[in-house]
Asks: 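Okay, handing you the structure first.
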There are 2 protein chains.
Amino acid sequence: MYGTSMKKRLSKTDWLDHGLRTLAVSGANSLKAEPLSRSLKVSRGSFYWHFKDIDHFQTDLLACWKKRATDDIIAEIKKIDGDSTRLAALMKKAMRGTDDLERAIRSWATENSAVAETVSIVDETRLAYLAEILIAAGVAPSQVRSRTAFIYWARLGQIMMDVNKTELSDADIEGLAKLLQS
Amino acid sequence: MYGTSMKKRLSKTDWLDHGLRTLAVSGANSLKAEPLSRSLKVSRGSFYWHFKDIDHFQTDLLACWKKRATDDIIAEIKKIDGDSTRLAALMKKAMRGTDDLERAIRSWATENSAVAETVSIVDETRLAYLAEILIAAGVAPSQVRSRTAFIYWARLGQIMMDVNKTELSDADIEGLAKLLQS
DNA sequence: TATGTTCCATACATAACTGTATGGAACATA
DNA sequence: TATGTTCCATACAGTTATGTATGGAACATA
């Protein structure tokens, strides 16, 4: 039992999971029937049984990511009561490390308008959540919109930078958070 | 005399200019000999006369962008004396609008390590420039690194967002700049 | 206008991927 | 174990790209 599972036959979900992994690791250019089949050690017959064509596969994949991203936000919102209302706490969790899948999705969105559309919707959800945090932190209403955008952009940009040479320390984040909620 | 120039024969520079335009408009996936030749209304014979192969073309294209990006920074630095030393002034110029070429380059870098390498170098140059601005603005040395990174990330993230639904007003930027140089 | 250089068209061989059609294997269940 | 359903392999046709080889057009200059 080496590798990832020893199942003989694949489900649609198997394909989509593998698709998301591939997207994160190799980018949207690798979302093709032939290479995907190879890496799953099956023929394209399997792919074309589960999906009508590449477009449908990518559409399903995108929906899969959207649901996942949205669920994550909802889970975060449910935790808003104690600690996480503080901006610094959120930033210490979110403003660090890499996110290959997010980065790949962003890159994909640059060349695919359907992806861009979905990404835009997810952005709205996240921005709304972040705005709530700022409001709860007591940021003046007139400042909420711009600061929310600024923080969100910053995380995005951080994700797009290849290596994170500039890892933020706790003190760094506390300093920034203090500014941004003043 | 319609369209872009009526020259009969193309130079290497013509090809590279067209490459950068294509990159900005259609993304790195369109940097292929066949489509590029089509849109220039010549055969691939022209392409393969000027460039050994696709890799060499892309390498030249990347060098072209790097030089341009670096020159831009140098030009900015030369202007540091009056107005531009103020962070707000810089942000009013830089933190607005779209930048399709930059966005396409970033997306490209996600899937091509050579591109990522070059982008990383350009990032360093820009970050160093931005840090100078913050220092000149009187930001405490201990805060310079994290705030520089934060601002740079924010511009990057802004570029990666498809439409700029959240355009910053002068007041927004002045507010943010005031925070970030305090 | 003759000539060498620069640039391009065309034809060919090769590779990777798409999508379809068809037969058959694997599986669950009666 | 018989049977219908689910899943996959294989073979084929078509598309789009790469890179090379070769001949010839366009150009500058003597």
Side-chain angles (χ1 to χ4, degrees), chain A residues 1 3-23 25-62 64 104 107-108 110-115, chain B residues 1 3-23 25-62 64 104 107-108 110-115:
Chain A
M1 281 299 200
T4 53
S5 95
M6 295 248 54
K7 272 171 50 182
K8 287 259 172 57
R9 305 169 72 171
L10 303 173
S11 67
K12 198 160 187 163
T13 304
D14 291 329
W15 274 100
L16 292 174
D17 286 348
H18 187 245
L20 285 181
R21 275 196 306 272
T22 303
L23 180 57
V25 173
S26 309
N29 275 326
S30 301
L31 297 180
K32 299 175 181 179
E34 220 276 336
L36 286 172
S37 304
R38 249 200 318 265
S39 51
L40 275 180
K41 297 186 206 304
V42 292
S43 73
R44 284 174 302 127
S46 174
F47 180 90
Y48 284 104
W49 192 88
H50 289 288
F51 306 96
K52 184 181 176 298
D53 54 29
I54 303 280
D55 271 353
H56 283 74
F57 172 70
Q58 295 190 347
T59 300
D60 286 0
L61 200 65
L62 193 59
C64 201
S107 298
W108 191 14
T110 300
E111 299 193 348
N112 184 316
S113 59
V115 177
Chain B
M1 282 298 202
T4 54
S5 94
M6 295 248 54
K7 271 172 49 182
K8 288 261 172 57
R9 306 169 71 171
L10 303 173
S11 67
K12 199 161 188 164
T13 303
D14 290 330
W15 273 101
L16 292 173
D17 286 348
H18 187 243
L20 285 181
R21 275 196 306 273
T22 303
L23 179 57
V25 173
S26 310
N29 275 327
S30 302
L31 297 181
K32 299 175 181 178
E34 219 276 336
L36 286 172
S37 304
R38 251 202 315 266
S39 50
L40 276 179
K41 296 187 207 306
V42 292
S43 74
R44 283 175 303 127
S46 174
F47 180 90
Y48 284 104
W49 192 88
H50 288 288
F51 307 96
K52 184 181 177 296
D53 54 30
I54 303 280
D55 272 353
H56 283 74
F57 172 71
Q58 295 190 349
T59 300
D60 287 359
L61 200 65
L62 194 58
C64 200
S107 299
W108 192 13
T110 300
E111 299 193 348
N112 183 316
S113 59
V115 176

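Below, chain A is the first sequence line, B the second, and so on; all start at residue 1. No hydrogens, no waters, no symmetry mates; every other heavy atom, side chains included, goes into these values.
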Asks: Is it the case that the side chains of T110(B) and W108(A) hold a donor-acceptor pair, with the cut-off being a distance below 3.5 Å and no angle test?
Replies: no
Asks: dC27(C) C1' sits how many Å from W49(A) CH2, rounded?
Replies: 12 Å
Asks: May I have the distance from K41(A) (atom NZ) to dC7(D) (atom P), rounded to whole angstrom?
Replies: 21 Å
Asks: Please determine, for dA13(C), whether a Watson-Crick or G-U wobble partner exists with both distances under 3.5 Å, and give it or none.
Replies: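 dT18(D) is the nucleotide pairing with dA13(C).
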Asks: Please determine whether a side-chain nitrogen or oxygen atom of R38(B) lies at a distance below 4.0 Å from atom OP1 or OP2 of dA17(D).
Replies: yes
Asks: The side chain of S43(A) is closest to which nucleotide in this list: dC12(C), dA25(D), dA9(D)?
Replies: dA9(D)
Asks: Nearest-Å distance, CD (Q58(B)) to C1' (dT18(D))?
Replies: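 Q58(B) atom CD is separated from dT18(D) atom C1' by 13 Å.
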Asks: Y48(B) has an atom OH; how far is it from atom P of dT22(D), in whole Å?
Replies: 18 Å
Asks: Can you tell me the distance, in whole Å, between the CG atom of D53(A) and the C1' atom of dG14(D)?
Replies: 16 Å
Asks: Which listed nucleotide (dC7(D), dA9(C), dC17(C)) is nearest to the side chain of E34(A)?
Replies: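 Minimum distance to the E34(A) side chain belongs to dC17(C).
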Asks: Distance check needed: dC7(C) C1' versus R44(B) CZ, whole Å only.
Replies: 16 Å
Asks: Return the value, rounded to whole Å, for the distance between atom CZ of F51(B) and atom C1' of dT6(C).
Replies: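 These atoms are roughly 15 Å apart.
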Asks: Who does dA30(C) pair with, Watson-Crick or G-U, both distances under 3.5 Å?
Replies: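 The answer is dT1(D), by the H-bond criterion.
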Asks: So how far is it from D53(A) CG to F47(A) CZ, rounded to the nearest 0.5 Å?
Replies: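 Going from CG on D53(A) over to CZ on F47(A), the span is 7.5 Å.
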Asks: Check every atom of dC27(D), dA17(D), dC7(D) against the side chain of P35(B) and return the nucleotide holding the closest atom.
Replies: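 Per side-chain heavy atoms of P35(B), the pick is dA17(D).
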Asks: Applying a 3.5 Å limit to both distances, which nucleotide forms a Watson-Crick or G-U wobble pair with dA11(D)?
Replies: dT20(C)
Asks: Assign the ring pair F57(A) / F51(A) to parallel, tilted or perpendicular, where the plane angle (0 to 90°) is split at 30° and 60°.
Replies: perpendicular
Asks: Of the candidate nucleotides dC8(C), dA25(C), dA11(C), which contains the atom at the shortest distance from the side chain of R9(A)?
Replies: dA25(C)
Asks: Please tell me which of the listed nucleotides, dT18(D), dG19(C), dC17(C), lies nearest to the side chain of K32(A)?
Replies: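 Nearest to the side chain of K32(A) among the choices is dC17(C).
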Asks: Give the rounded distance in Å between these two atoms: CD1 of I54(A) and P of dT16(D).
Replies: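 Those two atoms, CD1 and P, are 15 Å apart.
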Asks: Is there a Watson-Crick or G-U wobble partner for dT6(D) with both distances under 3.5 Å, and which nucleotide is it?
Replies: dA25(C)
Asks: Hey, what do you get for OG (S46(B)) to NZ (K41(B)), rounding to the nearest 0.5 Å?
Replies: 14.5 Å
Asks: Kindly say if H50(A) contacts the phosphate of dT6(D), meaning a side-chain N or O under 4.0 Å from OP1 or OP2.
Replies: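 Answer is no, no contact under 4.0 Å.
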Asks: To the nearest 0.5 Å, what is the distance between OG1 on T13(A) and CG on D60(A)?
Replies: 10.0 Å
